[in-house]
Amino acid sequence: TGGPCGPEATPVMSSSSAHPHAPSQPPARGGCDPWCEHDACGVGFVAHPSGVASNEIVRHALQALARVAHRGAAATDRSGDGAGLLVQLPRRFFRREAARLGLALGRRPCAVGMFFLPRDRGARARATAIIQGALAGEGLPLLGWRDVPADRELLGASAGASCPVIRQALVGAPAGVEREDVWERVLYLARRTIERRVAEAGAGLSACFVCSLSCRTVVYKALLTGTDLARFYPDLTAPDFASAIALFHQRYSTNTTSSWPLVQPFRLLAHNGEINTLWGNRNAMRAREPALASARWGDAVERLQPVIWSEGSDSASLDNALELLVRSGRDPVHALMMLVPEAHEAAPEMDRALRGFYEYHECLVEPWDGPAALAFSDGVVAGVKAVAPAAGPHGAGAGPGAEWPGGSGAVGGVSPGGFGGGRQRSGGPPPRGPGRAVLPAAVQVGRREQRDQRGRRSQRHARAPARPAARAGGAHPQRPE
């Protein structure tokens, strides 16, 4: 099938992957060549440039997710390939939940880990011990656990049979750490330690998976279709479950049976398309691991290896690479321009500074090449990047400069059919030619000092403006509540 979520396991030849002139080619229906039909994931984001967090943004994303359900897949038992949201931490919601659970959180900031845990009680106890040990090893105080409400009656038989126990860990900041980016790096180290120890424990803990562990974002995902996500997770409809950013993804699993860990979004990224250079990218990342070095990590850099999750999909592998760059200090837009560059060698119209950016960075990292539409967010910046042909009729249909209908001031980028009636802001995206990427277009919605820092960094790395770009407005944007 064309435009899939990517080659995720052993390739399987299907009728749609046969030669277009094979004798078994089905007849055209309705004037359309069936060999030209495509299926792909639904992906996009909604954000409010002012940084004002509200449940309305989450509702908009759920609405868009429901409208791209046709871009996913479901088994005959109603088990979907997976759908999910990535949102800013709804701090007021978690303060309320902490008070309900008797946790002394108060006004202190906390990070949240979203975990899939084994259903077997013994295995779950071992996984929990690994998580708590890794957090303690990084000086991260575990404030308490929360069982995530979930309506398992909505799941199909196969999804229900593999449904993990879903729990959240509320985690405090390490002593002496005040900056969120430093806190995020410590949480990243802790998560990599958890993943390594779980892998070393063997198949008994294979159901343990860290969906997210962050002081800025949290991921809610499940093995179902997007139309059921809000009913499966009642948290998402709580009035104080507020965010200024919401990435959404409806998965179409290609060549494999879907699984709970591979549902998207991942920690920074939601991906529609395929990485054609996947094994070359994975091998290159593995080969350079002995040379990884950074003043930000010091000796701890060895604990980040292997960088790429060996059992992940192509989307998961790209997310792993992106997260390494972002947690090491690069802006998400800069990192994506490194990993998924425009075709610049035969583009005489390209700005010289932008061409120089790509030429410099191609000496550092190989391009993750292939048709793709990528929605990304680190909790401060949200945006999309499209690469033809995924930017055509089966990719990111409405550019990230499209205003959300209804006059709410929200903007979004989304696969076709995700929302209707949006007006394209002035200075919309240029025509997209075959094989060309569109620069990542970002909306910055964090606190002012975060936005200003990122704005200066983005201007330093690439002087050509993103097309289109919506800058965060408001003199005093609110911190997500």
Exercise. So how far is it from Arg185 CZ to Trp297 CH2, rounded to the nearest 0.5 Å?
Worked result: 6.5 Å
For this session: Kindly indicate whether the side chain of Leu143, heavy atoms from C-beta on, has any atom under 4.5 Å from the side chain of Cys110.
Result: yes
For this session: Without swapping roles, check the side chain of Arg296 against the backbone of Ser328 for a donor-acceptor pair under 3.5 Å.
Result: yes
Exercise. Any idea which heavy atoms bring Ala159 and Leu223 closest together, and the distance?
Worked result: CB-O, 3.4 Å
Exercise. Below 4.5 Å, heavy atoms only, C-beta onward: do Trp183 and Leu140 meet side chain to side chain?
Worked result: yes
Problem set entry | Main-chain N/O of Ala134 paired to Thr193 side chain as donor or acceptor, under 3.5 Å | no
Problem set entry | Derivation and outcome, side chain to side chain contact (heavy atoms under 4.5 Å, CB included), residues Glu56 and His60 | CA-CA 6 Å; Glu56 182 182 28; His60 283 330; 3.5 Å; yes
Problem set entry | Close side-chain approach of Arg267 to Tyr188, heavy-atom, < 4.5 Å | no
Problem set entry | Gln88 side-chain N/O to Arg216 backbone N/O, donor-acceptor pair under 3.5 Å | no
Exercise. For the atom pair CD1 (Ile308) and CE (Met285), what is the distance rounded to the nearest 0.5 Å?
Worked result: 4.5 Å
Seminar exercise, completed: Rounding to 0.5 Å, atoms CZ (Arg330) and CG (Leu322) come to a distance of 11.5 Å
For this session: Any chance you could lay out the side chain to side chain contact (heavy atoms under 4.5 Å, CB included) test for Leu135 and Leu213, step after step, and finish with the verdict?
Result: CA-CA 11 Å; Leu135 293 175; Leu213 179 58; 4.3 Å; yes
Exercise. Does the pair Phe248 and Leu229 meet the rule for a side chain to side chain contact (heavy atoms under 4.5 Å, CB included), with working shown?
Worked result: CA-CA 11 Å; Phe248 59 88; Leu229 188 68; over 6 Å; no
Problem set entry | Any donor-acceptor pair under 3.5 Å from Asp319 side chain to Leu269 backbone | yes
Problem set entry | Expected output: side-chain Lys221 to main-chain Pro261 donor-acceptor under 3.5 Å | yes
For this session: Give, for atom CZ of Phe241 and atom CZ of Arg96, the distance between the pair rounded to the nearest 0.5 Å.
Result: 10.5 Å
For this session: Could you tell me which non-hydrogen atom of Ala222 sits nearest to which non-hydrogen atom of Val263, and how far apart they are?
Result: O-CG1, 3.6 Å
Problem set entry | Arg352 atom CZ: more than 12 heavy-atom contacts under 6.0 Å | no
Problem set entry | Pair Val58-Leu62, side chain to side chain contact (heavy atoms under 4.5 Å, CB included): steps then yes or no | CA-CA 6 Å; Val58 181; Leu62 289 169; 4.2 Å; yes
Exercise. Within the distance-only criterion (no hydrogens, no angle test), does the side chain of Gln264 pair as donor or acceptor with the backbone N or O of His271 below 3.5 angstrom?
Worked result: yes
Problem set entry | Non-hydrogen atoms of Pro149 and Asp235 that approach each other most closely | CD-OD1, 3.8 Å
Exercise. His344 versus Leu354: any side-chain heavy-atom pair under 4.5 Å?
Worked result: no
Exercise. Measuring from Asn55:CG to Arg92:CZ, what's the distance to the nearest 0.5 Å?
Worked result: 12.0 Å
Exercise. Which heavy atom of Arg146 sits nearest a heavy atom of Leu170, and at what distance?
Worked result: CB-CD1, 4.5 Å
Problem set entry | ring-ring contact (aromatic ring centres under 6.0 Å, His included) partners for Phe232, two or more places apart | none
Problem set entry | Sub-4.5 Å side-chain heavy-atom contact between Arg288 and Glu366 | yes
For this session: Please answer whether the main-chain N or O of Val43 pairs with a side-chain N or O of Asn272 as donor and acceptor at a distance below 3.5 Å.
Result: no
Problem set entry | Near-ring test Trp309/Phe266, centroid separation under 6.0 angstrom | no
For this session: Measure across Met337 and Tyr358 and return the closest heavy-atom pair with its distance rounded to 0.1 Å.
Result: O-CE2, 3.4 Å
Problem set entry | Heavy-atom check, side chain of Trp368 versus side chain of Leu278, under 4.5 Å | yes
Problem set entry | Flag side-chain contact, heavy atom, 4.5 Å: Asp151 against Arg231 | no
Exercise. Are any non-hydrogen side-chain atoms of Arg192 and Arg327 less than 4.5 angstrom apart?
Worked result: no
Exercise. If you look at every heavy atom in Gly226 and Gln250, which pair is closest and at what distance?
Worked result: N-OE1, 2.6 Å
Exercise. With sequence neighbours excluded, what pairs up with Phe94 under the ring-ring contact (aromatic ring centres under 6.0 Å, His included) test?
Worked result: none
Problem set entry | Residues in side-chain hydrogen bond (donor to acceptor under 3.5 Å, both in side chains) contact with Trp260, at least two apart in sequence or another chain | Ser162
Seminar exercise, completed: So CG of Leu65 and CG of Leu247: to nearest 0.5 Å the spacing works out to 11.5 Å
Problem set entry | Geometric class of the His361/His334 ring pair [parallel <30°, tilted 30-60°, perpendicular >60°] | perpendicular
